[in-house]
Amino acid sequence: MKKLTWILALVLMLAGCSSKETTAEPIQILVPQGAPALALLPLYEGENISIDSVAGSDPLTAELAKAASDYDVIVAPINLGAKMIEKQSSDYRLASIVTWGNLYIVGSEEYQSGDPLAAFGENAVPQKILTERGFGENVTYFGSAQDVQAQLLSDRFTAGLLAEPAATATIAKAKEKGMSFAILHDLQKNDEGQTGYPQAAIFIKSGREAACEEALMQVEAFLNESRDEAEMKTMMEKVGLENLGIPSAEVALATWERQNLHYVAAEDARDEITAFLKLFDITFDSDMLIR
């Protein structure tokens, strides 16, 4: 009887150890819809991972500044998070970059540089990139990319600024209306021959780095290694197109390369980050990085 009791105790002890080893610590993530949400695709079905996707930057700003935010991870424009860190108004630190620019001018071949242009993102990355690429004049800004799409499809403007995958979706919708649109300019390219810039970044709440390490490794593997498109399509449809903020899984897959989704640790992209933040009068400092 004593032997049986000892065996049962051992089994229970081992079961307890196994449970501790396989139970991941819960983490909560906030991400903007579109390309950044697609970057986190493998995490949506993750055990003990909760993801909220939002439209616009206001919710991101509010949570980055909140002293007791519930979010362990926030994906946001790098300039937004870096500025708040510089002002010492955020407990989050920069971990990595996941998008490297997905802005394009879309419209009719009739459009000429200097003609009226519809755009979104005033006082943010889109406006800065338009200006840097020589398209900053004669621009009318609207509240969202959806508003820009509506302006183009109603023939109020011959060209507008859009991000992929919305750019390709707009071209398809224009075709249905008998309009001929195309991608006219790739705004990731500059005069120096560089392609891409650090756009959306992953920020982690100070003290939560270890808890988020496994999730970051999953995102890195997903973005930087080969992927199965059929599996990705299934994942997108399971998560929901509205949650991801994409027109369709097919369009998201067709525009994957133009979305410039690549995982790079911030530590390994210091030069690119420094140069990009300089456009916003932000001085990069190593204290901005996770420890």
Chemist: Once rounded to the nearest 0.5 Å, what's the spacing between atom NZ of K205 and atom OG of S90?
Modeler: 10.0 Å

Chemist: Got a sec, which pairs hit ring pair (Phe, Tyr, Trp, His ring centres under 6.0 Å) with one end in residues 130-151, sequence neighbours left out?
Modeler: F135-H185, F142-F157

Chemist: When you measure from the side chain of T99 to the backbone of Q199, do you find a donor-acceptor pair of N or O atoms at a distance under 3.5 Å?
Modeler: no

Chemist: Does V219 belong to the same Ile/Leu/Val/Met/Phe/Trp/Tyr cluster as L289, with side-chain heavy atoms less than 4.5 Å apart forming each link?
Modeler: no

Chemist: Check for me, please, whether V73 and V264 land in the same ILVMFWY cluster - side-chain distances under 4.5 Å, paths through other members count.
Modeler: no

Chemist: Once salt bridge (Lys or Arg N to Asp or Glu O under 4.0 Å) is applied, do any residues pair with K128, and if so which ones, sequence neighbours excluded?
Modeler: none

Chemist: Looking only at heavy atoms, which two atoms of I202 and Y263 are closest? And how far apart?
Modeler: CD1-CE1, 4.3 Å

Chemist: Do V75 and L94 belong together in a cluster built from hydrophobic side chains that touch within less than 4.5 Å?
Modeler: no

Chemist: Could you tell me which non-hydrogen atom of S53 sits nearest to which non-hydrogen atom of Y44, and how far apart they are?
Modeler: CB-OH, 4.1 Å

Chemist: Using a 4.5 Å cut-off on heavy atoms from C-beta on, say whether the side chain of I204 contacts that of L216.
Modeler: yes

Chemist: For atom CD of E109, is the number of surrounding heavy atoms from other residues, nucleotides or ligands below 6.0 Å larger than 12?
Modeler: no

Chemist: Which pairs pass ring pair (Phe, Tyr, Trp, His ring centres under 6.0 Å) with one or both residues in residues 159-179, sequence neighbours excluded?
Modeler: none

Chemist: Would you sort out whether L279 and Y197 count as a side-chain contact (heavy atoms from CB on, under 4.5 Å), showing the intermediate values?
Modeler: CA-CA 11 Å; L279 298 177; Y197 44 86; over 6 Å; no

Chemist: Could you walk me through whether L162 and L152 satisfy the side-chain contact (heavy atoms from CB on, under 4.5 Å) test, starting with their C-alpha distance in whole Å, then the side-chain angles of each, then the deciding distance to 0.1 Å, before giving a yes or no?
Modeler: CA-CA 11 Å; L162 289 168; L152 292 175; 4.0 Å; yes

Chemist: Donor-acceptor check, side chain of S69 to backbone of A65, threshold 3.5 angstrom: yes or no?
Modeler: no

Chemist: What closest approach, in Å, do G160 and V148 show between heavy atoms, and which atom pair accounts for it?
Modeler: CA-CG1, 4.0 Å

Chemist: Would a distance-only check, ignoring hydrogens and angles, find a side-chain to backbone donor-acceptor pair under 3.5 Å from N138 to G114?
Modeler: yes

Chemist: Hey, could you give me each pair passing salt bridge (Lys or Arg N to Asp or Glu O under 4.0 Å) that has a residue in residues 75-89? Not counting sequence neighbours.
Modeler: K83-E86

Chemist: Which pairs count as side-chain hydrogen bond (donor to acceptor under 3.5 Å, both in side chains) when at least one residue sits in residues 147-174, sequence neighbours excluded?
Modeler: S144-D147, Q149-T170, S154-R156, E164-T168, E164-R258, T168-R258

Chemist: Any donor and acceptor pair, going by atom type alone, linking the side chain of D115 with main-chain N or O of Y111 inside 3.5 Å?
Modeler: no

Chemist: In Å, rounded to the nearest 0.5 Å, how long is the span from CZ of F203 to CG of L30?
Modeler: 12.5 Å

Chemist: Can you find a pair of side-chain heavy atoms, one from P247 and one from P165, that are under 4.5 Å apart?
Modeler: yes

Chemist: Locate the shortest heavy-atom distance separating A215 from I27; write the atom from each residue and the value.
Modeler: CB-CD1, 3.7 Å

Chemist: Would you check if L253 and M236 make a side-chain contact, meaning some heavy-atom pair closer than 4.5 Å?
Modeler: yes

Chemist: Can you name the nearest heavy-atom pair linking I282 to N79, along with the distance?
Modeler: CD1-O, 3.5 Å

Chemist: Do the non-hydrogen side-chain atoms of Y104 and Q188 ever get within less than 4.5 Å of each other?
Modeler: yes

Chemist: Determine yes or no for a side-chain-to-main-chain donor-acceptor pair under 3.5 angstrom, with S248 supplying the side chain and V251 the backbone.
Modeler: yes

Chemist: Which residue pairs pass the side-chain hydrogen bond (donor to acceptor under 3.5 Å, both in side chains) test when at least one of the two sits in residues 30-39, sequence neighbours left out?
Modeler: none

Chemist: Between P116 and T140, is there a side-chain heavy-atom distance shorter than 4.5 Å?
Modeler: no

Chemist: Holding to salt bridge (Lys or Arg N to Asp or Glu O under 4.0 Å), I want the full list of residues that pass it with K66, two or more places apart in sequence or in another chain.
Modeler: E63

Chemist: Excluding sequence neighbours, so at least two apart, what forms side chain to side chain contact (heavy atoms under 4.5 Å, CB included) with M235?
Modeler: L41, P42, E231

Chemist: Just verifying a value: how many Å separate I290 CD1 and C212 SG, rounded to the nearest 0.5 Å?
Modeler: 9.0 Å

Chemist: Using the salt bridge (Lys or Arg N to Asp or Glu O under 4.0 Å) rule, collect all pairs that involve residues 176-186, keeping only residues at least two apart or in two chains.
Modeler: none

Chemist: Give me each pair satisfying side-chain hydrogen bond (donor to acceptor under 3.5 Å, both in side chains) with a member in residues 269-284, each pair once, sequence neighbours excluded.
Modeler: E267-R270

Chemist: Roughly how far apart are I51 CD1 and I29 CD1, rounded to 0.5 Å?
Modeler: 4.5 Å

Chemist: Count I, L, V, M, F, W, Y as connected when their side-chain heavy atoms are under 4.5 Å apart, and connections chain through other members. Are M288 and F280 then in the same cluster?
Modeler: yes

Chemist: Write out all pairs satisfying salt bridge (Lys or Arg N to Asp or Glu O under 4.0 Å) with one or both partners inside residues 243-257, taking only residues at least two apart or from two chains.
Modeler: K233-E250

Chemist: How far does CD1 of I85 sit from CG of D287, to the nearest 0.5 angstrom?
Modeler: 10.0 Å

Chemist: Test of understanding: clusters of I, L, V, M, F, W, Y form through side-chain heavy atoms closer than 4.5 Å, transitively. Do I246 and L223 belong to the same one?
Modeler: yes

Chemist: Which pair of non-hydrogen atoms, one from L130 and one from A119, has the smallest distance, and what is that distance?
Modeler: CD1-CB, 3.8 Å

Chemist: Just verifying a value: how many Å separate I129 CD1 and L187 CG, rounded to the nearest 0.5 Å?
Modeler: 7.5 Å

Chemist: How would you list all residue pairs meeting side-chain hydrogen bond (donor to acceptor under 3.5 Å, both in side chains) that involve residues 206-227, not counting sequence neighbours?
Modeler: E25-R208, D72-R208

Chemist: Do L103 and F120 make a side-chain contact, defined as non-hydrogen atoms from C-beta onward lying under 4.5 Å apart?
Modeler: yes

